[in-house]
Amino acid sequence: MPQPPFELEEATIADLQQRIATGRDTARSLAEKYLARIEAVDRRGPATRSVIEINPDAAADAERLDAEHARGAPRGPLHGIPMLIKDNFATADRMMTTAGSLALVGARPPADAFVVRRLRAAGVVLLGKTNMSEWAEFRSVHCCAGWSGRGGQTRNPYALDRSPMGSSSGSAVAVAANLCAVALGTETDGSIVLPANNNSVVGLKPTLGLASRHGIVPVSHNQDTPGVLARTVRDAAIILGVIAGRDRADPATRAIPRRRHDFTASLDRRGLKSARIGVVRSQLFGNSVAADRAADAALAVIKDEGAVLVDPANFATLWKFDDTELEVLACDFKADLRRFLAWIGASAKVRSLEDVIAFNTTHAASEMPYFGQELMTMAERKGPVTSKAYRAALAANHRLTRTLGIDAVVKKHRLDALVAPTGGPPALIDLVNGDGGTWAVSSPATIAAVAGYPHISVPMGYARGLPMGISFFGRAWSEPTLIRLAYAYEQATTHRRSPTFAPTADVTL
């Protein structure tokens, strides 16, 4: 389904800044061009349905930034840059914050989320909010990625019948389809890096605590983090540098190392030279022929660029924490959601997880036409986060993913980072079986997510036109190293290409 040429196709932050600096565009004209693109591609045309709501104040916000620029007072490299943010980031404006759920329609957050405040202060123009897997997929094991009661089904722009994957699906699709320059997502377990894999974009999930979670609809304070979806590693690094920082409202940010968060300083075309990188083959290879073939080609490039590959560098603990992860997430969700709803206040018609479950039951025709809410009902039955079972599960998670997991392998082999395919080619959207019946490949997303450690996925190539990504992940606070490695790989390969909005994959290729 070819689309008319788009003037801002694949434009980076630097490209957009150049257009403003030379007078070719203003913040307002850029916003208007992207809004027209959203109307043409997301609402009409291919109807990717990645944007759940347009910011009614986008044009006015852009005009104010243009006035500042005219006075010679630009705020920095993001002044006037259009962005989209996931629908679980609170905004104290005329947009809603619903996590895709009809239960939160009408709720009015008292303030912007911390990272949203930082973006606005940097001069970003918020175009709107992106659709997401409702409640960040913590509703049913049979959920379908990218579906929400409020926004419907987001579709993959590389093949419209394929899954966009992960709860930050709308953000990834919007970036891939050139509906914005960059976007914010969130991840609890794979919800940034897996959409990046499926939509041929860069997904950067930082160390837990590097960016504040305050004002974000939660799943788990032990695994939630905001992060970035972008078309280039450079743009992801720019945004991460803006949203990173300590916030008194999020205790996890107290652990941030005291250093300047200029992640663009890590962008080194020769960044792979002499790096020691461990290849995690056990259980992360052998699941998809296409992903294995692309990953082996990627490893050859990494080696040619001067890296030392330790192959294999496997985990003895991989997938031994599935049950304990679910225990922690379920207990956290019940407690953390109650706190978030109390913060929103009386404008929310639900005050607890129990209320959300009741709302979904009452509105089953619109909220549960395809899958139920068994994860929610299981979480509601859980005890408090002070329980012995919870504390034991959390300790096991950290022991298996940190002490005996990533930390152990990195230390044993003296590694700078670990590498594995992020996932396989996108599976078909399946509203009957849900994602549980369509996972194509095991992913390194879970071990990094449970550990709370950083993870970046970069486009790795295509199989019959369907995207795949490669993951670089490592120890806590290793973002500068991971960005350096990912950037060098990206520059050596330049795999990303724009989507074609094909109705389906061409299996005759």
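- Residues Lys205 and Glu187 are not paired through a salt bridge, judged by the lack of any N-O separation under 4.0 Å between the basic side chain and the carboxylate.
- Shown here are the ring pair (Phe, Tyr, Trp, His ring centres under 6.0 Å) partners of His261, two or more places apart in sequence or in another chain: Phe263.
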Margin query: I'd like to know whether Thr130 forms a side chain to side chain contact (heavy atoms under 4.5 Å, CB included) with Lys86, so could you lay out the CA-CA distance, the side-chain angles of the two residues, the decisive distance to 0.1 Å, and finally the verdict.
Written below: CA-CA 5 Å; Thr130 56; Lys86 190 175 176 178; 3.8 Å; yes
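- The pair Asp112-Arg117 does not meet the salt-bridge criterion, since no charged nitrogen lies less than 4.0 angstrom from a carboxylate oxygen.
- No donor-acceptor distance shorter than 3.5 angstrom exists from the side chain of Arg234 to the backbone of Thr264, with no hydrogens or angles considered.
- Counting only distance, with no hydrogens or angles, the side chain of Asn197 and the backbone of Gly423 share a donor-acceptor pair below 3.5 Å.
- Met376 and Phe138 make their closest contact through CG-O, 3.7 Å (heavy atoms, listed as atom of the first residue, atom of the second, distance).
- Among Leu337, Leu341, Val350, the single residue meeting the side-chain contact (heavy atoms from CB on, under 4.5 Å) criterion with Asp355 is Val350.
- At distances below 3.5 Å, not a single donor-acceptor pair connects side-chain atoms of Arg496 with backbone N or O atoms of Thr232.
- Trp319 pairs by the ring pair (Phe, Tyr, Trp, His ring centres under 6.0 Å) definition with nothing, not counting sequence neighbours.
- Atom CD of Glu354 has 12 or fewer heavy atoms from other residues, nucleotides or ligands within 6.0 Å.
- Taking all atoms of both residues into account, the shortest heavy-atom contact from Pro444 to Phe473 is CB-CE2, 3.6 Å.
- Sorted pairs that involve residues 217-238 and meet ring pair (Phe, Tyr, Trp, His ring centres under 6.0 Å), not counting sequence neighbours, are lacking altogether.
- Of the charged side-chain nitrogens involved, at least one lies within less than 4.0 Å of a carboxylate oxygen, so that Glu327 and Lys382 count as a salt-bridged pair.
- The nearest pair of heavy atoms linking Pro426 to Pro467 is CD-O, 3.3 Å.
- In this structure, the side chain of Asp224 engages the main chain of Ser220 through a donor-acceptor pair within 3.5 Å.
- Between the side chain of Ser191 and the backbone N or O of Thr188 there is no donor-acceptor pair closer than 3.5 Å.
- Side-chain atoms of Asp416 never come within 3.5 Å of backbone atoms of Ile277 as a donor-acceptor pair (strictly under, hydrogens ignored).
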Next item on the list: Start with the C-alpha distance between Tyr462 and Ser200, add both sets of side-chain angles, then the distance that settles side chain to side chain donor-acceptor pair (under 3.5 Å), and finish with yes or no.
Entry: CA-CA 9 Å; Tyr462 302 84; Ser200 198; 2.6 Å; yes
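- Sorted by first then second residue, the ring pair (Phe, Tyr, Trp, His ring centres under 6.0 Å) pairs that include residues 184-219, not counting sequence neighbours, are His214-Trp343.
- Ring planes of Trp147 and Phe371: perpendicular class, angle over 60° (limits at 30 and 60°).
- For the pair Thr253 (side chain) and Asp247 (backbone), a donor-acceptor distance under 3.5 Å is present.
- Asp189 approaches Ala449 most closely through the heavy-atom pair CA-CB, 3.7 Å.
- Not a single ring pair (Phe, Tyr, Trp, His ring centres under 6.0 Å) links Phe315 to another residue, sequence neighbours left out.
- In terms of heavy-atom proximity, Val202 sits nearest to Glu490 at CG2-OE2, 4.1 Å.
- The shortest non-hydrogen separation linking His455 to Ser471 is NE2-OG, 2.6 Å.
- Evaluation of the side chain to side chain donor-acceptor pair (under 3.5 Å) test over residues 269-280, restricted to residues two or more places apart or in two chains, returns Arg269-Glu305.
- In this structure, a donor-acceptor pair under 3.5 Å is present between the side chains of Thr97 and Lys129.
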Next item on the list: Take Ser148 and Asn131 through the test side chain to side chain donor-acceptor pair (under 3.5 Å) and record every step on the way to the result.
Entry: CA-CA 7 Å; Ser148 72; Asn131 196 20; 2.7 Å; yes
